[in-house]
> 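Let me give you the structure first, and then I'll get to my questions.
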Amino acid sequence: MLRIIVLSAVAVVSVGLSAANAESLPRASAKSPGEIAVASRLMAEKQEGCRLEAKRQKLTFFKRRGFIRRCMKSKS
């Protein structure tokens with residue numbers, strides 16, 4: 001029972017912190033639908049490249065997810 005209470009409190013705090021962080025960040029300028037489509041396509045291509053590299057290395061599920069995240073950050 002104590003475990004459930006602690007986990008619930010942690011979840012509430014983390015949601016609150018993420019909401020506070022989102023409000024403090026400045027809004028990006030509005031983009032046209034064309035710019036959004038180009039950015040989305042580029043991100044999808046990067047992710048696909050990282051996914052294929054992880055597959056080539058035969059990484060397990062959790063290692064693959066971590067690899068893809070690091071790969072996406074390094075390619076930005």
Side-chain angles (χ1 to χ4, degrees):
M1 183 67 173
L2 182 62
R3 177 181 277 169
I4 293 171
I5 293 171
V6 170
L7 291 176
S8 298
V10 169
V12 169
V13 169
S14 67
V15 169
L17 288 176
S18 64
N21 245 355
E23 291 175 3
S24 66
L25 297 175
R27 289 187 66 92
S29 61
K31 294 183 177 182
S32 70
E35 290 173 330
I36 293 171
V38 168
S40 177
R41 183 181 49 80
L42 290 174
M43 188 167 42
E45 288 173 357
K46 278 196 300 187
Q47 187 171 14
E48 181 67 13
C50 292
R51 188 188 67 77
L52 290 173
E53 178 64 23
K55 186 175 181 178
R56 187 186 67 76
Q57 292 181 16
K58 298 180 181 177
L59 298 175
T60 60
F61 179 75
F62 291 110
K63 289 182 181 179
R64 185 175 351 123
R65 285 180 46 95
F67 175 83
I68 292 171
R69 286 184 182 191
R70 287 188 306 275
C71 179
M72 291 291 290
K73 285 182 181 178
S74 68
K75 287 189 175 187
S76 56

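Everything quoted here is computed from the prediction, not taken from an experiment.
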> Any side-chain heavy atom of Arg64 within less than 4.5 Å of one from Ile68?
yes
> Atom CD of residue position Gln47 - does it have more than 12 heavy atoms of other residues, nucleotides or ligands inside 6.0 Å?
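Result for CD/Gln47: open.
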> Would you say Arg41 and Val38 make side-chain contact, with heavy atoms under 4.5 Å?
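In short, these two side chains touch, coming nearer than 4.5 Å.
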> Which heavy atom in Cys50 sits nearest to a heavy atom in Phe67, and how many Å separate them?
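Scanning both residues, the minimum pair turns out to be O-CE2, 3.5 Å.
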> List the residues meeting side chain to side chain donor-acceptor pair (under 3.5 Å) with Arg70, not counting sequence neighbours, and say none if there are none.
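Once residues adjacent in sequence are excluded, Arg70 has no partner under the side chain to side chain donor-acceptor pair (under 3.5 Å) criterion.
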> Can you sort out the partners of Arg51 under salt bridge (charged side-chain N to carboxylate O under 4.0 Å, His left out), two or more places apart, ordered by chain and number?
Glu48
